[in-house]
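Letters go in sequence order (proteins before strands), and every chain restarts at 1. Bear in mind the structure is a predicted one, so any value in this text is a computation, not a measurement.
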Number of protein chains: 2
Amino acid sequence: MPTFTSHVSLDDITRLASHTGLSPKSTPILQAAEEARANDYDAICYPLTTEKWRKRWQDMCLFPGEDVEDKNALEQRAEAWRAKPTFSLDEVTVTRLDEAEGTVALISDWLELDASDDWVRHDAEIALQQELAYASYLNFHTAILPPPRNREHVASYARAVNACLHAVPFIELSVRISIYDPSVFHASSAAKRASVLEPSSPGSSPAQAPVSAWEIWDTIHSICDYNLRLTLTLDLTLPLPSTLGLLSQWLAEPIRHIFLPASAFIANAKGYPVLPKGTQAFIRDVMKLQPNIILSGTSAGRHSRGGESAYKQYVRHLEKTSPSVQAAQTRGTVEHFARGYQDYLQAPLQPLMDNLQSATYETFERDPVKYNNYEQAIYLALAEWPRPGKILLCVAGAGRGPLVARCLSAIERSGKDAFVYAVEKNPNAFVTLQERKKLEWKEKVELLYGDMRTLVVPEKVDILVSELLGSFGDNELSPECLDGAMRFLKPDGISIPASYTAHIAPLSSSKLYNDTGSTADQKAAETPYVVKFNAINILSGDGGGVSGTCGPKIQECWEFEHPRSDAVLDRRGLPLTNSHNARSARLTFHIPHEGVLHGLAGYFEARLYGSVGLSIHPNTMDKVSKDMLSWFPLFFPLRDPLYLPSNSELHVSIWRLTNQRQVWYEWHAEAFLPVPRSAPNSDRTPNVTKRKRQSQDTVLLSPRPLSAVASSPLVDAVDVPFIVERGERTAEEEEDRGEVMLVKIGQTALHNPHGRSSWIGL
Amino acid sequence: MPTFTSHVSLDDITRLASHTGLSPKSTPILQAAEEARANDYDAICYPLTTEKWRKRWQDMCLFPGEDVEDKNALEQRAEAWRAKPTFSLDEVTVTRLDEAEGTVALISDWLELDASDDWVRHDAEIALQQELAYASYLNFHTAILPPPRNREHVASYARAVNACLHAVPFIELSVRISIYDPSVFHASSAAKRASVLEPSSPGSSPAQAPVSAWEIWDTIHSICDYNLRLTLTLDLTLPLPSTLGLLSQWLAEPIRHIFLPASAFIANAKGYPVLPKGTQAFIRDVMKLQPNIILSGTSAGRHSRGGESAYKQYVRHLEKTSPSVQAAQTRGTVEHFARGYQDYLQAPLQPLMDNLQSATYETFERDPVKYNNYEQAIYLALAEWPRPGKILLCVAGAGRGPLVARCLSAIERSGKDAFVYAVEKNPNAFVTLQERKKLEWKEKVELLYGDMRTLVVPEKVDILVSELLGSFGDNELSPECLDGAMRFLKPDGISIPASYTAHIAPLSSSKLYNDTGSTADQKAAETPYVVKFNAINILSGDGGGVSGTCGPKIQECWEFEHPRSDAVLDRRGLPLTNSHNARSARLTFHIPHEGVLHGLAGYFEARLYGSVGLSIHPNTMDKVSKDMLSWFPLFFPLRDPLYLPSNSELHVSIWRLTNQRQVWYEWHAEAFLPVPRSAPNSDRTPNVTKRKRQSQDTVLLSPRPLSAVASSPLVDAVDVPFIVERGERTAEEEEDRGEVMLVKIGQTALHNPHGRSSWIGL
């Protein structure tokens with residue numbers, strides 16, 4: 001549920017002050033809070049300081065005009081202030097704890113922490129510290145900072161904010177950023193920077209919004225080292241683009257407040273306030289982050305119908321029609337099941353190493369979809385079984401018996417003659433199995449106690465059923481366990497599952513980065529986690545990217561099939577080494593919009609039998625196994641964030657490695673930016689030979705200047721050609737795309753080298 | 001001094017074996033070592049394995065032809081090997097500790113750790129581990145690895161090497177990288193990758209050399225986390241380019257071995273072997289790293305004159321004519337003085353906080369250049385002094401008195417009537433001052449004991465002389481100390497120094513990164529150090545870069561002047577706050593060649609009086625104060641390396657910050673890549689409006705696709721225009737350069753936030 005905050009302006013405060021007078025019991029702020037409560041708001045926010053403060057600061061700190069007589073006296077005043085910054089009573093709007101309680105402070109938005117002038121920046125920072133110290137004194141929990149205005153000095157803005165985060169304890173600092181559809185303005189007006197002296201009152205002007213607002217925010221966020229007390233106030237005063245592509249990057253950020261003035265609303269046919277289409281869609285999406293909505297100007301009668309409450313009602317309506325909110329409220333969905341687990345790091349189960357507890361089995365047995373699909377797969381396998389006679393099944397890893405029960409149902413439905421062995425190595429679960437055999441299954445099932453990799457099974461079986469899959473398919477050692485179980489599968493027998501694949505996608509989430517990176521323990525940043533993703537952004541896009549060589553948004557790493565077709569085994573029927581279960585993948589992703597890579601999302605798909613499967617792959621899950629609850633995705637974290645510009649390419653290497661005792665993953669990524677080979681001034685550099693494919697899978701691009709600047713003395717600076725990997729493409733495509741050079745721009749560390757945090761053991 | 005190693009080939013070993021027979025006392029390797037010693041080599045290197053091993057591995061691990069009968073038996077053999085890798089006797093060249101002692105092992109260079117085929121890579125890694133384990137068993141200290149061949153799978157190569165670094169202790173692994181001037185070959189031949197089955201014997205072919213050799217090396221180095229046991233063997237078989245620009249990036253890398261076959265030498269007019277010009281220059285430069293030179297084929301009589309020893313003699317000649325080696329051997333140079341201190345991190349002095357020891361004074365007093373310049377400055381100030389009467393001098397911070405003595409010399413030379421006060425706060429040095437007054441200076445000097453910021457001085461002086469400068473100018477708090485001393489300088493008095501400036505340049509050095517980053521202590525990675533740079537590379541270049549907005553290679557951050565012109569002071573004559581000593585700079589560097597940023601180099605220049613100064617700025621030091629020894633540069637480290645592609649731009653922000661108790665620096669950098677706005681296929685995207693300067697100092701570039709791929713469905717992916725900072729440029733320049741977009745590609749953390757490792761206190 002979002003909360004609603006009413007914005008109280010300096011004018012409102014002046015108006016209320018003239019009503020209240022100097023009553024010790026009530027103050028303008030307390031009155032405003034009362035009014036807001038009466039109008040069903042959760043809180044109010046208001047500027048911390050008055051025009052008097054602004055005037056004093058400007059007189060002291062801005063370059064005085066020529067007509068000022070005693071510059072020295074002015075500078076003396078300024079130095080005295082710098083030495084001991086303090087307010088006089090009429091420079092602040094609030095003085096009492098009860099006034100500040102539950103309210104949000106707006107820091108003077110005319111403070112230019114990123115002014116071009118060194119001394120304006122310097123004195124704005126002192127003022128910021130002074131205001132925040134005062135807000136902290138009054139126990140404000142949140143202060144909204146002046147917006148950044150100047151890309152060139154954003155590092156100074158961020159450094160000042162970072163200093164405040166450490167100087168002022170507890171208080172949450174929220175950076176106000178304006179986002180909008182640049183196409184609705186002439187670029188010239190968007191480019192005009194707010195002047196030092198012009199106040200940019202909330203909701204008045206987009207002038208201070210730099211066009212790549214996200215990049216500005218990310219620079220600040222990074223410089224403040226992803227401090228948890230640094231949050232985001234999105235200013236939606238202006239209409240947003242109606243395509244959500246670019247906006248999705250915001251959903252992985254700590255959005256706490258949304259600034260939504262009445263002026264952002266348009267009137268619908270009946271005169272009620274509604275939001276433009278793009279803003280509507282974004283508000284629906286952002287609802288999953290449960291932001292605080294700051295409404296302003298709602299009592300000004302800007303819209304003819306609905307009155308003051310219409311704005312709030314409309315936003316509540318958007319919330320109710322938000323797909324993610326709806327899903328979370330519908331029983332039986334993963335979203336409903338996962339409430340409270342969103343973006344929460346869980347250590348993956350290690351069922352081979354640990355014996356699971358009954359409660360854990362209980363949770364997983366509740367998944368109706370998974371076991372239905374298993375039963376259907378077993379049923380189909382039985383129904384299509386080609387030979388007459390008794391069919392032998394074995395459940396390898398029976399746990400508390402859910403698959404045994406499904407086998408028996410499937411056998412009954414199929415009308416076939418069949419028998420079930422149930423193998424389990426957990427001594428505790430084996431007691432439950434004995435109980436179920438005694439009470440339910442009787443002689444239809446034979447229980448075998450032991451590890452499927454070593455156990456002696458009385459006879460070979462026709463169908464081997466197992467549920468050893470993890471969020472990444474093979475990550476709970478299904479391949480290794482089934483290698484052992486293959487000893488008692490007949491040569492023409494089948495395995496359910498028949499195969500499974502692992503998939504990854506590059507992911508951004510400052511929350512997950514904070515949670516894995518905050519610990520000093522390096523291992524914690526290199527362990528894959530199970531996570532129900534919520535406030536994340538998948539950075540990749542579908543399509544080949546500029547170089548034409550990129551795969552889809554989510555890409556397959558590798559596959560395991562059971563039984564193996566070309567296995568070389570020892571006398572006991574076991575593989576001689578685990579080499580055949582090593583895997584590696586090198587995948588190329590297109591990154592359409594700038595973002596920061598914090599890790600990889602991992603998914604699996606499994607084929608149980610025929611067309612029956614299981615999937616947590618976002619593209620296929622609803623088709624294959626809708627509302628299946630058993631698996632959240634896997635998250636492979638990165639130790640350090642990797643910045644990826646728009647239209648870049650990410651080359652991810654991931655390995656499944658193994659020695660005689662362990663299985664583990666290592667991962668690594670490199671970032672590239674495709675730069676056109678053909679320069680705009682290419683007529684000035686005529687001595688360039690064009691070359692195409694040299695060998696089957698590589699193209700050597702000839703040494704060429706990076707850019708068009710043929711007249712620069714530095715044209716020979718880039719003399720490094722690149723080998724660009726090529727997918728299979730037709731000559732026409734080749735022609736169409738022109739040639740690009742992939743310029744390497746960054747890389748991650750190698751993660752989890754030599755199984756440093758090896759989380760699964762053989 | 002370089003060492004020389006003789007390369008022994010498999011053919012040599014076979015030849016020697018046929019001579020030796022099966023003597024238990026001598027072996028081919030021992031014989032080869034003896035021969036090498038006789039020829040004045042320090043060591044030998046040779047392949048660890050024989051052709052037999054290669055044949056067995058290939059039979060087992062490469063895809064067998066169609067004619068192979070029993071594939072299963074082959075796979076059985078391979079699996080048995082994978083489970084327990086071992087050599088048979090005839091598969092290795094060496095078996096005894098005394099053979100291996102002091103020699104270098106060449107790992108089988110036909111192992112393709114970066115093969116395109118997953119299983120070839122997999123089995124090559126097992127073989128690599130087997131060979132290294134064997135080399136380690138025989139106590140080899142160094143093994144040279146097969147060269148990387150395939151850019152696409154270099155991450156796999158690096159991961160395998162990293163695994164070996166951890167699996168095999170102690171041994172140094174050296175990656176062999178071939179570098180050469182690409183213009184000497186047809187690209188088609190350079191692009192041809194070495195086939196899996198073709199051995200690439202040392203010195204035979206450039207085929208395996210990827211063109212951006214440095215990028216390959218850096219990827220490996222990074223993935224191995226800059227492991228100190230991972231070094232570089234540069235293969236100079238082919239001629240190098242004669243411009244050193246691109247080659248300087250190698251000088252910041254851990255080059256331990258240089259592979260230099262006889263075939264790399266050409267004959268001079270007299271028939272003696274010499275190296276091509278580019279290789280010559282590079283060898284001279286690289287000598288400062290004292291590499292091991294591996295010569296091969298020197299006995300084959302390839303050159304008509306000079307015999308076998310001519311190659312070594314020639315390289316020794318190059319060493320003797322190496323400027324850095326010459327400088328280090330010349331008394332009185334900084335290089336000679338700094339021997340043993342190269343690339344060694346030293347904590348900067350904190351003379352304000354700590355009282356220096358006599359030995360420290362002694363070291364610095366030995367600098368002849370610094371004090372000569374001071375004397376000359378004082379002399380000129382006296383000589384040009386405009387008023388008659390006694391001139392009062394004060395040495396603020398007299399230490400053991402070197403500047404007092406220089407004042408007295410200058411006074412004598414000038415023939416003026418003058419008197420010297422000497423202020424010192426170090427009680428121990430003050431004893432030395434008293435002694436010198438008693439023995440040498442008598443009544444010409446009056447000593448005052450106390451801190452110049454608070455001490456009461458009997459009268460105001462005309463000339464204030466101080467030596468409070470650090471490597472970065474203001475980093476030992478000269479501005480703050482002189483603020484205090486200004487109390488006793490007459491209003492028209494002068495300060496020596498009159499002013500000083502701080503300068504930085506972006507720097508790469510894996511050694512310094514290792515030394516600051518290896519500690520878990522975050523502070524250690526955020527403290528500026530004093531370092532005599534040696535194996536470093538300054539990444540920036542002179543010139544404006546592609547965007548035309550970059551400054552020179554080394555750029556000025558800020559300046560301090562004494563006395564201040566517009567000081568606002570309290571009754572005691574002290575500043576009210578230290579605000580006026582805060583500084584900040586935002587500098588833009590052009591990075592002509594790809595490199596990894598590890599930190600910033602810091603320098604200072606000071607103007608003492610008139611045109612007399614002091615400088616450790618590389619461009620001016622020889623002119624201003626040649627052979628001055630007192631200051632090594634400052635090094636501002638980065639916590640994490642930042643990759644910078646060729647032709648990128650680096651925006652560095654650095655701040656000098658202050659509160660009432662501390663002064664400290666913070667620093668931060670962002671990387672950008674300029675991408676041409678005008679696409680080659682721009683005729684297909686006609687709806688693009690061109691915009692130029694919108695305001696005085698920014699240009700808003702309109703949303704444009706990043707590249708030329710107008711036919712791609714993703715042209716709208718980059719819809720983010722950029723604000724590009726512009727320097728002052730003429731309209732013609734503007735026209736000439738075309739427009740570029742600066743795409744952000746990375747950034748560093750904010751370093752030393754809120755003075756976390758504040759190293760100087762007020």
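- Taking chain B as the reference chain and counting heavy-atom pairs below 4.5 Å, the highest number among A/R159, A/H122, A/H166, A/E666 is found for A/R159.
- For chain B, the option among A/A80, A/A155, A/A167, A/P575 with the highest count of heavy-atom pairs below 4.5 Å is A/A155.
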Salt bridge (Lys or Arg N to Asp or Glu O under 4.0 Å), that's the test. Do A/E125 and A/R82 meet it? Break it down for me. CA-CA 10 Å; A/E125 182 177 353; A/R82 287 181 197 117; over 6 Å; no
Apply the test side-chain contact (heavy atoms from CB on, under 4.5 Å) to residues B/Q747 and A/T219: give CA-CA distance (whole Å), side-chain angles for both, the deciding distance (0.1 Å), then the verdict. CA-CA 8 Å; B/Q747 67 186 331; A/T219 303; 3.8 Å; yes
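- The most heavy-atom pairs under 4.5 Å with chain B, out of A/L657, A/V596, A/L644, come from A/L657.
- For the set A/A671, A/A78, A/S156, A/S653, the entry with the most heavy-atom pairs within less than 4.5 Å of chain B is A/S156.
- With sequence neighbours excluded, the residues forming a salt bridge (charged side-chain N to carboxylate O under 4.0 Å, His left out) with A/E670 are A/K744, B/R151, listed by chain and number.
- Two residues are said to be in side-chain contact when any heavy atoms from C-beta on lie closer than 4.5 Å; A/V154 and A/E215 fail this criterion.
- Residue with the most contacts toward chain A among B/S584, B/A749, B/A163: B/S584 (heavy-atom pairs, distance under 4.5 Å).
- Neither the backbone nor the side chain of B/L642 comes within contact range of chain A; no heavy atom of the residue lies under 4.5 Å from a heavy atom of that chain.
- Considering only residues two or more places apart in sequence or on other chains, B/R121 meets the salt bridge (charged side-chain N to carboxylate O under 4.0 Å, His left out) condition with B/D118.
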